[in-house]
Amino acid sequence: MKMENCETCVGFDLSKIPLSSIAQKIMCALHSGDLVDSKNWGESTKIVKPISTSSVKDSVILKDGKNQSLEKKNPKSLTGQTSRGSTKPSPHSSSTGLTGQLSADQKQKNISLASSRCSVPHCDQEASDLQKMEHKKKHFLNENINNENKESMNLKRKHIMYSNSSEKTNKYLALEENAGEVKAQLNSGDSRTFKKYLCDIRYLDDQSKNQLMEMLKQAAALVVTLMYKDGSTQLIANQAQTSSVKGIVMLLKSQVDNLETLACGALEVGFMSQGQCVYIHIELSSLWSQEQEAYHLFARNVLFQTLKCKCPVICFNAKDFVRIVLQFFGDDGSWKHVADFVGLDPRIAAWLIDPSDGTPSFEDLVAKHLEKSFSVKVSSTCGNSSSNIKNKNIYMNLNTLYRLTMDLCSKLKVHGLWQLFCTLEIPLIPILAVMENHKIQVNKEEMERTSTLLGARLKELEQQAHFIAGERFLIMSNNQLREILFGKLKLHLLSPRKSLPKTGPQQHLSTSEAVLSSLQDLHPLPKTILEYRHIHKIKSTFIDGLLACMKKGSISSKWNQTGTVTGRLSATHPNIQGISKHSIQIAKPLNFKGKEDETFTISPRTLLVSSRGHIFLAADFSQIELRILAHLSGDPELLKLFQESERDDVFSTLASQWKDIPMEHVTYADREQTKKVVYSVVYGAGYVASIMGRRRPLPRIHARDQQLRAQAERQAVNFMVQGSAADLCKMAMIRIFSAVATSPTLTARLVAQIHDELLFEVEDTQVPEFAALVRGTMESLQRIQDPELQLQVPLKVSLSAGRSWGHLVPLQEALGSA
DNA sequence: AGAATGTCTGGCGTA
DNA sequence: GTACGCCAGACA
């Protein structure tokens with residue numbers, strides 16, 4: 001195949017161009033591929049079943065209620081994903097399904113996946129288990145809370161429980177009855193015992209403190225939320241999250257409600273073991289008395305126990321919880337304690353089920369996933385409601401949160417997303433929390449110098465543009481620019497291209513980069529505008545934007561786990577994933593010191609530097625998306641490419657083949673061009689969706705509408721490839737992080753993830769050791785967790801290191817010079 | 001009436 | 001080719 005065929009494609013409508021032979025094979029393979037998901041993606045290359053596109057599409061689109069057909073397709077593979085109808089008692093313990101699946105992996109490596117501790121109640125809870133639980137609870141309550149009312153309530157609950165299956169009409173009554181009762185008894189008594197909705201642990205006596213620690217150890221589930229200074233919590237979508245955290249509210253569940261009854265929808269607040277609710281104040285006061293120190297120690301203990309406890313911790317934005325707790329602990333390496341923290345986050349669960357659902361609030365999720373009888377209690381403005389009402393609301397909301405999360409967990413199982421949730425998304429939570437707490441140092445002086453330099457250059461360019469245009473105008477305004485280019489200068493009439501692209505509802509002529517570059521031979525203005533825009537982008541986003549995000553000379557991004565439909569991470573404030581990789585050259589502004597025609601080189605990444613005694617280490621999955629495509633499509637030519645030319649760069653090899661020139665004559669431009677062609681083929685190609693079980697709801701497309709259909713198919717391919725790459729990158733983060741957390745010596749920190757690149761900050765002395773760990777871990781991901789999930793293609797990792805992010809050199813060089 | 005604010009869009013950086 | 005975030009201008 002020759003390159004010429006493709007060269008002409010770029011920049012034109014690819015769908016109309018005949019595809020190259022490789023592209024055709026890719027398409028063919030993709031079109032014939034079965035639905036790829038967690039269960040059979042390993043097999044997809046072995047058996048390529050011809051399947052009509054419409055039937056595949058249908059099964060992708062199916063959602064709630066209709067997913068039985070999906071299950072039917074893979075009946076044997078649903079380990080740990082019990083269908084909701086099953087009531088057969090299981091002899092196994094609650095977490096059998098999951099741990100069973102992972103045991104092979106755990107034996108193989110000493111890397112612990114948090115999932116081993118993910119002991120969420122199973123659908124198939126045995127009846128006897130239930131009774132045991134009930135007994136345990138009774139015992140527990142008797143022992144710890146010596147209260148007649150509690151006992152009678154307990155009996156009442158029991159009664160409701162035994163009768164509820166036959167008399168569902170009781171449930172509202174039960175709710176009312178019980179709520180009243182709880183209120184009555186929780187309100188009586190003084191603040192030093194666990195009798196209020198919210199018990200402030202600052203005022204506990206020693207005995208109660210011990211009691212609390214005991215309860216923590218024995219709790220079946222913990223439900224937590226952060227409380228802000230204005231009294232709002234994570235559960236109430238308050239306006240801007242401006243106020244800072246003052247404490248943590250924690251509901252201790254002594255008994256786990258079983259999912260079987262949850263699934264029936266027969267469970268109400270009244271039936272559940274309500275649990276004890278405590279408030280942990282964590283705002284550090286400036287005054288430091290002895291009492292405070294004692295309290296601080298106790299709070300630390302409580303929180304430490306929370307992180308370490310064997311039961312799941314349910315939290316609406318679990319990452320923020322972990323981050324806050326770590327901050328309270330102080331940053332003394334305590335992050336190692338959170339490596340196997342299991343936080344059940346309903347937002348993440350809901351996102352896995354429907355990734356297109358942006359960033360729902362707690363209230364949204366409750367409305368979407370729970371029956372109408374549940375509502376989020378929003379306390380009216382702070383002053384109006386008594387603290388007791390507010391506390392009651394928080395108490396109720398935590399119970400609702402618990403219900404919601406349990407519900408979503410069972411939905412995850414039904415959708416076949418449970419394993420993905422447990423092995424990938426949950427262990428990622430503490431990792432992201434630690435990343436958010438990590439600060440990246442910024443060269444502030446250089447940053448400010450650059451800012452003024454760019455500002456001066458922009459001013460020059462603006463004046464130049466005004467001069468060329470013959471009038472003053474707002475250079476950033478596309479409307480004004482359009483008026484000058486096409487109204488005044490009438491450049492569109494001189495353009496060699498027949499029709500320029502239009503934009504907007506009024507079909508205005510576009511002033512995009514493509515248009516301006518095509519016009520730059522006709523008039524000097526477009527070129528000036530282009531340069532202005534480029535520099536302005538760099539200055540406003542990467543220099544000034546970064547400066548605005550800085551706190552005490554450093555930045556740390558906020559990482560969003562649920563922000564994308566493909567499963568990738570996204571970052572904000574600043575978006576470290578989007579910081580320019582390439583440097584720009586600018587002409588020296590006239591009134592700047594230095595030689596006349598001097599140019600400055602500006603590279604935003606260079607301004608991020610490693611801290612003292614540390615070095616950045618970047619680990620990059622080479623061409624991971626193309627490799628995944630090769631694996632998924634099973635295309636022999638692509639597979640061969642990776643297996644044979646393992647040592648060489650794939651794009652260069654392809655360029656060499658296509659252009660029929662020797663490897664050593666392939667230029668950077670050749671390589672970039674090849675890359676562009678390859679990815680336009682990859683994403684413009686065929687079909688299919690999902691990999692490790694990740695799904696994306698696709699719109700139903702009329703078979704006749706070729707254009708929409710093609711669009712949907714491209715989205716599907718993109719989803720599959722990007723999603724799979726995201727899965728692998730997340731897995732890499734998790735494994736490396738747990739290796740570091742369990743290592744007695746390694747202290748390396750994960751700083752950022754730029755999709756297929758991981759950026760670490762490593763102590764100078766640990767670089768070789770850590771680099772070996774990273775390479776080994778990442779390349780071993782070829783075998784994901786069981787033999788069935790084995791990539792047909794080797795994974796390649798390239799390592800580079802340096803003191804600034806902009807100046808990374810291959811690891812060998814970095815070690816040599818150091 | 002003019003100022004301030006929120007939402008949308010075009011354009012462009014990353015992968 | 002898609003999918004992100006951010007900025008500035010336009011407009012309600």
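Model, not experiment: these values are computed from the prediction.
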What nucleotide among dC6(C), dA15(B), dT14(B) has an atom nearest to a side-chain atom of His582(A)? dT14(B)
Sequence neighbours excluded - salt bridge (Lys or Arg N to Asp or Glu O under 4.0 Å) pairs with any residue from residues 470-489 of chain A: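 Every salt bridge (Lys or Arg N to Asp or Glu O under 4.0 Å) pair that includes a residue of residues 470-489 of chain A, provided the two are not neighbours, is Glu471(A)-Lys488(A).
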Restricting to pairs with a member in residues 507-530 of chain A, which pass salt bridge (Lys or Arg N to Asp or Glu O under 4.0 Å), not counting sequence neighbours?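 Non-adjacent pairs meeting salt bridge (Lys or Arg N to Asp or Glu O under 4.0 Å): zero.
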Donor-acceptor list for residues 537-544 of chain A side chains, cut-off 3.5 Å, not counting sequence neighbours:
{"residue": "Lys539(A)", "atom": "NZ", "partner": "Ser451(A)", "partner atom": "O", "Å": "3.4"}
{"residue": "Lys539(A)", "atom": "NZ", "partner": "Ser451(A)", "partner atom": "OG", "Å": "3.1"}
{"residue": "Lys539(A)", "atom": "NZ", "partner": "Asp544(A)", "partner atom": "OD2", "Å": "2.9"}
{"residue": "Ser540(A)", "atom": "OG", "partner": "His536(A)", "partner atom": "O", "Å": "2.9"}
{"residue": "Thr541(A)", "atom": "OG1", "partner": "Lys537(A)", "partner atom": "O", "Å": "3.2"}
{"residue": "Asp544(A)", "atom": "OD1", "partner": "Ser451(A)", "partner atom": "OG", "Å": "2.8"}

Asp320(A) with Arg323(A): basic N within carboxylate O range, under 4.0 Å: yes
Quick test: give all pairs of protein nitrogen or oxygen and nucleotides 10-12 of chain C nitrogen or oxygen below 3.5 Å, distance rounded to 0.1 Å.
{"residue": "dA10(C)", "atom": "OP1", "partner": "Ser477(A)", "partner atom": "OG", "Å": "2.4"}

Report the distance from atom [atom1] of [X] to atom [atom2] of [N], rounded to the nearest whole Å.
X         : N       : atom1 : atom2 : value
Leu728(A) : dA15(B) : CG    : C1'   : 15 Å
Ile475(A) : dG10(B) : CD1   : C1'   : 16 Å
Ile555(A) : dG5(C)  : CD1   : P     : 17 Å
Asn560(A) : dC6(C)  : CG    : P     : 10 Å
Met476(A) : dT9(B)  : CE    : C1'   : 13 Å
Arg482(A) : dT9(B)  : CZ    : P     : 14 Å
Glu625(A) : dT2(C)  : CD    : C1'   : 10 Å
Leu485(A) : dG10(B) : CG    : P     : 17 Å

Between protein and nucleotides 2-6 of chain B, what N or O pairs are separated by less than 3.5 Å?
none

Test of understanding: with ring-ring contact (aromatic ring centres under 6.0 Å, His included), list the residues that count as partners of [X], not counting sequence neighbours.
X         : result
His534(A) : none
Phe600(A) : none
Phe737(A) : Trp335(A)

Any side-chain donor paired with an acceptor under 3.5 Å for Asp230(A) and Ser232(A)?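 Yes, because at least one side-chain N or O of Asp230(A) sits under 3.5 Å from a partner of the opposite role on Ser232(A).
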Check whether the side chain of Gln577(A) and the base of dT14(B) form a donor-acceptor pair under 3.5 Å.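 Per atom types, no contact qualifies.
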Please answer whether the main-chain N or O of Glu425(A) pairs with a side-chain N or O of Gln561(A) as donor and acceptor at a distance below 3.5 Å.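 The answer is yes, because a donor-acceptor pair under 3.5 Å joins these two groups.
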When you measure from the side chain of Asn317(A) to the backbone of Lys319(A), do you find a donor-acceptor pair of N or O atoms at a distance under 3.5 Å?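 Side chain of Asn317(A) to backbone of Lys319(A): no pair is present.
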Among residues at least two apart in sequence or on other chains, which ones pass side-chain hydrogen bond (donor to acceptor under 3.5 Å, both in side chains) with Ser800(A)?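 So Ser800(A) forms no side-chain hydrogen bond (donor to acceptor under 3.5 Å, both in side chains) with any residue.
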With sequence neighbours left out, the residues meeting side-chain hydrogen bond (donor to acceptor under 3.5 Å, both in side chains) with Ser512(A) are Ser510(A)
Show your reasoning for whether salt bridge (charged side-chain N to carboxylate O under 4.0 Å, His left out) applies to Glu462(A) and Lys459(A). CA-CA 5 Å; Glu462(A) 186 177 15; Lys459(A) 197 133 208 163; 6.0 Å; no
Residue-level proximity of residues 749-758 of chain A to DNA chain B when a heavy atom falls under 4.0 Å: Ile754(A), His755(A), Asp756(A)
Could you list by number each residue of residues 532-547 of chain A showing a heavy-atom separation from DNA chain C of less than 4.0 Å, or answer none if no residue does? His536(A), Lys537(A), Ser540(A), Thr541(A), Gly545(A)
